[in-house]
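Any value given below was found using the heavy atoms of this structure, including those in side chains, with hydrogens, waters and symmetry copies removed. This one's a predicted model, so the numbers in the text were calculated from it and none came from an experiment.
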Amino acid sequence: MKIPRFVIAGTQSGVGKTTLSVGIMKALKKRGLNVQSYKVGPDYIDPAFHSFVTGNKSRNLDSWMLKENAIKDIFFKNSFDKDISIIEGVMGFYDGFGIEKDNGSTAHLSKILKCPVILIINGSGMSSSAAAQVLGYKLYDEKINIKGVIVNNVSGWKHYELIKEAVEKFTGIKCVGYLKKNIDIKLESRHLGLIPSVEVENLKEKIDKLSSMVEETIDIDEIIKISKGALALNHVYNYDSKNGFRNVNIGVALDKAFNFYYQDNLDLLEELGANLIYFSPLKDKKLPDNLHGLYLGGGFPEVFAKELEENKELRDEIKKVSNMGMPIYAECGGLMYLCKSITTLDGKKYEMVGIFDRNTKMTNRLQRFGYVNVNILKPCTISNTLTKVKAHEFHRSIIDESNNDDCVYRVDKVRENKIINSWKCGILKNNTLAAYAHIHFYSNKKLAEDFVENCRVFKKGSV
């Protein structure tokens, strides 16, 4: 099947991948194209910007957490009826798991989906040296198909012309445009990356301005041509939907405090028979009616701790349904919310739900970061058997130790097939499971199946 597509990769983090990606997406949308976007790796914030621009839910493609068939399933399911697909890379082009360039990297993903690549380089402070940089990325893995270069952070047209001439002469790769230095349209960051799209003021105006700059200095027609030159992909996606049997209701926390979800996790729950009902722990005074389970994703509860504390009615109701045995699954920020308290960086302590007899506290540095292997050692909310799943952790908070809670996860950090560190997590109480690890259900679909089934069991018992 011919699916127009390309990867936007960067030489390193901070080179402008997201800024350029959303600018190009908007430029393509203005031409009337139906754009499907993807993000390489375990990222929640960048895909939200993509979705805002394209009007289609962005997806995560991760070659460490997911097998190749799962990646192709997600890609085919969402791209077959779109005009063009854009995959934004992660970190530097070849950066993946450890030093393995074919495990979790943007380069590896581009090979799995046979995508042409547009490489972003930082042109600040150099001219002819850019050719050496691009040539190195081209030759490091000759199976990679770099078809274009975008030069970011140039001083102007003359600066770009110097770089363009050198790159095209010595690498044979065409430069398709540039972006000038412009502080006004840069997306702002805080401790876990970009500030989420739901918190950015005047986002539409910023993206409109960015797309105008992109259209002025980047050859959009050439990018479309590159996308259409992508090789045909052969893959059969077996879509087995159970949408006609949505007989359980799962409440999903979604607002400025909780918005870190893989869209494919949500879709899979629906395919398995769940009706997802969204609510806000910040604003709603009560849970939606007739729920049989809760799903609380990650986010920034520490930023909105005061508002979360003030909504005591909802906190009390969540604790009540937990005591009733309702299946509740929480990740990272959701874990923090279900503990007794959150202490913010300024030392202020705020009461939370209190299902778990533990306190959480923000710190100034990352406590856990990167891919992990989760061993589920006991049956729990999302697994009725002992099993394993690949996951990701990324947090600055710490949590009290406690002898009163049952930990059902052993989390392993692995390098070169050796366990270099292990710790306990996955706190289980009643039928409430909370952990720091973010799990992509396509890494082990049985977890989503068991979660929905446990919600059905609760429904049957509560009738």
Q.
With heavy-atom distances below 4.5 Å as the criterion, would you say the side chains of Lys390 and Val374 are in contact?
A. no
Q | Heavy-atom side-chain contact between Thr360 and Ile398 under 4.5 Å | A | no
Q. Would you call Glu271 and Lys77 a salt bridge, taking side-chain N to carboxylate O under 4.0 Å as the test?
A. yes
Q. Which heavy-atom pair separates Val321 from Leu287 by the least distance, and what is that distance?
A. CG2-CD1, 4.1 Å
Q | Note, Ile150 side chain near Ile24 side chain (heavy atom, < 4.5 Å) | A | yes
Q. What pair of heavy atoms forms the shortest contact from Ser58 to Ser51, and how long is it?
A. N-OG, 2.8 Å
Q.
For a 4.5 angstrom cut-off between non-hydrogen side-chain atoms, does Lys26 reach Val214?
A. no
Q. Could you state the interatomic distance from CD1 (Ile71) to CD1 (Ile112), rounded to the nearest 0.5 Å?
A. 4.0 Å
Q) Does the side chain of Asp450 reach to within under 4.5 Å of the side chain of Ile382, using non-hydrogen atoms? A) no
Q: Output, in order, the C-alpha distance, side-chain angles, deciding distance and verdict of side-chain hydrogen bond (donor to acceptor under 3.5 Å, both in side chains) for Asn454 and Asn431.
A: CA-CA 9 Å; Asn454 287 332; Asn431 201 6; 5.4 Å; no
Q: For Lys138 and Asn145, indicate whether the former's side chain and the latter's backbone hold a donor-acceptor pair under 3.5 Å.
A: no
Q. Is there a side-chain contact between Asp141 and Asp102 (heavy atoms, below 4.5 Å)?
A. yes
Report, one line per pair, each donor and acceptor closer than 3.5 Å where one atom sits in a side chain of residues 332-342; sequence neighbours left out.
| unit_1 | atom_1 | unit_2 | atom_2 | d |
| --- | --- | --- | --- | --- |
| Lys340 | NZ | Asp357 | OD1 | 3.2 |
| Ser341 | OG | Asn359 | OD1 | 2.6 |

Q: Mind checking the CG-NE2 spacing from Asp95 to His108? Nearest 0.5 Å is all I need.
A: 14.5 Å
Q: Look up atom CG in Leu377 and atom CG in Leu386, then write down how far apart they are to the nearest 0.5 Å.
A: 6.5 Å
Q.
Between Lys82 and Asn78 (side chain of the first, backbone of the second, donor and acceptor by atom type, cut-off under 3.5 Å), is there such a pair?
A. yes
**Q.** Whether over 12 other heavy atoms sit under 6.0 Å from Lys143 NZ
**A.** no
Q | ring pair (Phe, Tyr, Trp, His ring centres under 6.0 Å) between Phe75 and Phe80, worked out | A | CA-CA 8 Å; Phe75 183 78; Phe80 80 94; over 10 Å; no
(Q) I'd like to know if Glu88 pairs up with Lys17 as an ion pair, taking the criterion as any Lys NZ or Arg NE/NH1/NH2 lying under 4.0 Å from an Asp or Glu carboxylate oxygen. (A) no
Q) Any salt bridge between Asp255 and Lys283, counting N to O under 4.0 Å? A) no
Q: State whether Tyr140 and Lys101 meet the cation-pi test: NZ (Lys) or CZ (Arg) under 6.0 Å from the six-membered ring centroid, and within 45° of the perpendicular axis.
A: yes
Q | Side chain Asn60, main chain Gly41, donor-acceptor under 3.5 Å | A | yes
Q: Answer yes or no: is there a side-chain heavy-atom contact under 4.5 Å between Trp64 and Pro42?
A: no
Q: Any chance you could lay out the ring pair (Phe, Tyr, Trp, His ring centres under 6.0 Å) test for Tyr44 and His438, step after step, and finish with the verdict?
A: CA-CA 10 Å; Tyr44 297 102; His438 293 282; 5.0 Å; yes
Q: Mind listing the closest non-hydrogen atom pair of Asn311 and Ser280 along with its distance?
A: ND2-O, 4.5 Å
Q | Check: Thr54 side chain, Asn56 main-chain N or O, donor-acceptor pair, under 3.5 Å | A | yes
(Q) Could you check whether Lys445 makes a cation-pi contact with Tyr442, meaning its NZ or CZ is under 6.0 Å from the centre of the six-membered ring and within 45° of the ring axis? (A) yes
Q: State whether Asp267 and Arg59 are salt-bridged, where the test is any N-O pair (Lys NZ or Arg NE/NH1/NH2 against Asp/Glu carboxylate O) under 4.0 Å.
A: yes
Q. Roughly how far, to the nearest 0.5 Å, is CD of Glu416 from CZ of Phe97?
A. 9.5 Å
Q. Do the side chains of Ile84 and Arg5 get nearer than 4.5 Å, heavy atoms only?
A. no
Q) Roughly how far apart are Ile144 CD1 and Ser105 OG, rounded to 0.5 Å? A) 7.0 Å
Q.
Test side-chain hydrogen bond (donor to acceptor under 3.5 Å, both in side chains) on Asp62 and His392; report intermediate values, then the result.
A. CA-CA 11 Å; Asp62 190 305; His392 184 265; over 6 Å; no
Q) Which atoms form the tightest heavy-atom contact between Leu433 and Cys380, and what is the distance? A) CD2-SG, 3.9 Å
(Q) Go through it in stages, so that I can follow the logic: the residues are Asn364 and Arg396, the test is side-chain hydrogen bond (donor to acceptor under 3.5 Å, both in side chains), and I'd like the CA-CA distance, side-chain angles, deciding distance and then a yes or no. (A) CA-CA 7 Å; Asn364 287 309; Arg396 288 177 180 252; 5.9 Å; no
Q. Is it true that a side-chain atom of Ser397 and a backbone atom of Met362 form a donor plus acceptor pair closer than 3.5 Å?
A. no
Q) Distance-only, no hydrogens or angles: does the Asn265 side chain make a donor-acceptor pair with backbone N or O of Tyr262 under 3.5 Å? A) no
Q. Do Tyr94 and Thr106 have side-chain N/O donor and acceptor atoms under 3.5 Å apart?
A. no
Q: Please report the C-alpha distance between Asp316 and Lys320 in whole Å, then the side-chain angles of each, then the deciding distance to 0.1 Å, and finally whether the salt bridge (charged side-chain N to carboxylate O under 4.0 Å, His left out) criterion is met.
A: CA-CA 6 Å; Asp316 289 344; Lys320 178 182 176 181; over 6 Å; no
Q. Looking only at atom types and distance, does a side-chain atom of Glu309 sit under 3.5 Å from a main-chain N or O of Glu351, one as donor and one as acceptor?
A. yes
Q: Taking all heavy atoms of Cys425 and all of Cys407, pick out the closest pair and write down the distance.
A: O-CB, 3.4 Å
Q) Can you tell me if Asn103 and Ser63 form a side-chain donor-acceptor pair at under 3.5 Å? A) no
Q) Near Lys413 NZ, under 6.0 Å, is it more than 12 heavy atoms from other residues, nucleotides or ligands? A) yes
Q.
Quick check against the 3.5 Å criterion: does Arg358 have a side-chain atom that pairs as donor or acceptor with the backbone of Asp400?
A. yes
(Q) Could you check whether any side-chain N or O of Lys429 sits under 3.5 Å from a backbone N or O of Ile355, counting only pairs where one atom can act as donor and the other as acceptor? (A) yes
Q. So, Glu331 and Tyr329: side-chain donor and acceptor under 3.5 Å apart, yes or no?
A. yes
Q) Closest heavy-atom contact between Phe304 and Ala257? A) CD1-CA, 3.8 Å
Q | Approximate separation, where rounding is to 0.5 Å, of Ile376 CD1 and Thr385 OG1 | A | 8.0 Å
Q.
Any salt bridge linking Lys286 with Asp284? Criterion: basic side-chain nitrogen under 4.0 Å from a carboxylate oxygen.
A. no
Q) For the side chain of Asn275 and the backbone of Val248, is there at least one donor-acceptor N/O pair under 3.5 Å apart? A) no
Q: Start with the C-alpha distance between Ser322 and Thr432, add both sets of side-chain angles, then the distance that settles side-chain hydrogen bond (donor to acceptor under 3.5 Å, both in side chains), and finish with yes or no.
A: CA-CA 6 Å; Ser322 173; Thr432 298; 2.8 Å; yes
Q.
Walk me through whether Asp412 and Asn375 qualify under side-chain contact (heavy atoms from CB on, under 4.5 Å).
A. CA-CA 8 Å; Asp412 296 334; Asn375 303 273; 2.9 Å; yes
Q: Would you check, one step at a time, whether the test ring pair (Phe, Tyr, Trp, His ring centres under 6.0 Å) holds for Tyr436 with Phe394?
A: CA-CA 8 Å; Tyr436 272 120; Phe394 189 42; over 10 Å; no
Q) Hey, what's the ring geometry for Tyr295 with Phe451, parallel, tilted or perpendicular (30° and 60° as the breaks)? A) perpendicular
